[in-house]
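Quick note: residue numbers are just sequence positions, from 1.
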Amino acid sequence: FTPITNLVNVPNVMTINPKVPAKNMKEFIALLKANPGKYSYASSGTGGISHLDGELFKSITKTDMVHVPYRGSGPALNDTLAGQVNAQFDNLPSSIPHIKAGNLRALAVASPKRLESLPDVPTFAEEGLAEVNNVAWYGLVAPAGTSPEVVKRVRDAAVRALKDPAISARLLETGSLIDGNTPEQFTAQIKKELELRKRIAKDQNIQLTE
C-alpha cells in the first residue's frame, strides 16, 4: 500500500465492571497480583489491538488475567457490562456512554493527555504504564505504486474534510483526536505501530490457530 494520511487518533480505554473490588488502576493491579488467573479481560478477537494491549498490560504489570476473545468489540462490551468478564480494552467511542452512565469503571485512557470528556480518568502514562499509552487510529492508503500527485490530491481532500466544522465536531464528540498528517509521517507511524505489535505477539507467544 501507499500511505496517504492518518485521519483520526482514537483513544483506547481500559474499563472494569463496577462489581470488581477496585476503584482505580493501583487497586486493580494489586487485586490481580493477589489473585493470579482469577480475573478475565475481553477483547474484540485474538490478534486485534484490544488483545495486544491487554497482553502488553499483563507483561508490564507482571499480572495474569485470562483473555476472553469475542467476535467483535460489541459482544465483548456486552459481556463486560453484564459481568461475564471483569475487564475490557476498547476504543473509547463505544465505551464512553457506559462509563458516563456508571455501568463501567474507567481505569485509564490511552491518550497524549486527559480527555475533556473524561477529565477524572488518568492516562496510562500517568499510571506509570507509558508503553500502553497507544491510541488506535484510522487512515487512508492507496494501492502500492499510486502516483505522488494522486496521493497529494486525496490527502488534501481528506484534510479539507477534517476541517469541516460539522465533521470535526462529530469526531471530537466521540473522543477522537483529528490528525491529517503527511504521507511520510503516516508511513513512519505505520512502521512504528507494526514493530510494537510484532514485539508484543512474540513476547507473549500469541499465535493464530485454524
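By the side-chain contact (heavy atoms from CB on, under 4.5 Å) test, N17 pairs with K19, V20, sequence neighbours left out. Remark: R197 pairs with D53, E193 by the salt bridge (Lys or Arg N to Asp or Glu O under 4.0 Å) rule, at least two apart or across chains. Qualifying salt bridge (Lys or Arg N to Asp or Glu O under 4.0 Å) partners for D156, counting only residues two or more places apart in sequence or in other chains: K152. Under the salt bridge (Lys or Arg N to Asp or Glu O under 4.0 Å) criterion, D164 pairs with no residue, sequence neighbours left out. For E195, the salt bridge (Lys or Arg N to Asp or Glu O under 4.0 Å) partners are K198, not counting sequence neighbours. Qualifying ring-ring contact (aromatic ring centres under 6.0 Å, His included) partners for H98, counting only residues two or more places apart in sequence or in other chains: none.
Clustering of Ile, Leu, Val, Met, Phe, Trp and Tyr by side-chain heavy atoms under 4.5 Å joins I49 with none of the others. The hydrophobic side chain of L194 is isolated, with no ILVMFWY side chain under 4.5 Å apart from it.
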Kindly list each side-chain donor-acceptor pair under 3.5 angstrom involving residues 169-177, sequence neighbours excluded, with atom names and distances?
{"from": "R170", "atom 1": "NH1", "to": "E173", "atom 2": "OE1", "distance (Å)": "3.1"}
{"from": "T174", "atom 1": "OG1", "to": "L171", "atom 2": "O", "distance (Å)": "2.7"}
{"from": "T174", "atom 1": "OG1", "to": "S176", "atom 2": "OG", "distance (Å)": "2.9"}

Distance-only check: which donor-acceptor pairs under 3.5 Å involve side-chain atoms of residues 27-37, not counting sequence neighbours?
{"from": "E27", "atom 1": "OE1", "to": "K23", "atom 2": "N", "distance (Å)": "2.8"}
{"from": "N35", "atom 1": "ND2", "to": "L31", "atom 2": "O", "distance (Å)": "2.9"}

Sequence neighbours excluded and cut-off under 3.5 Å, please list the side-chain donor-acceptor pairs for residues 84-93, or say none.
{"from": "N86", "atom 1": "OD1", "to": "S40", "atom 2": "N", "distance (Å)": "2.9"}
{"from": "N86", "atom 1": "OD1", "to": "S40", "atom 2": "OG", "distance (Å)": "3.3"}
{"from": "Q88", "atom 1": "OE1", "to": "T80", "atom 2": "OG1", "distance (Å)": "3.4"}
{"from": "D90", "atom 1": "OD1", "to": "S94", "atom 2": "OG", "distance (Å)": "3.3"}
{"from": "D90", "atom 1": "OD2", "to": "S94", "atom 2": "OG", "distance (Å)": "2.6"}
{"from": "D90", "atom 1": "OD2", "to": "S95", "atom 2": "OG", "distance (Å)": "2.7"}
{"from": "N91", "atom 1": "OD1", "to": "Y138", "atom 2": "OH", "distance (Å)": "3.0"}
{"from": "N91", "atom 1": "ND2", "to": "N12", "atom 2": "OD1", "distance (Å)": "2.6"}

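Residue pairs meeting the ring pair (Phe, Tyr, Trp, His ring centres under 6.0 Å) criterion with at least one partner in residues 104-134, sequence neighbours excluded, are absent.
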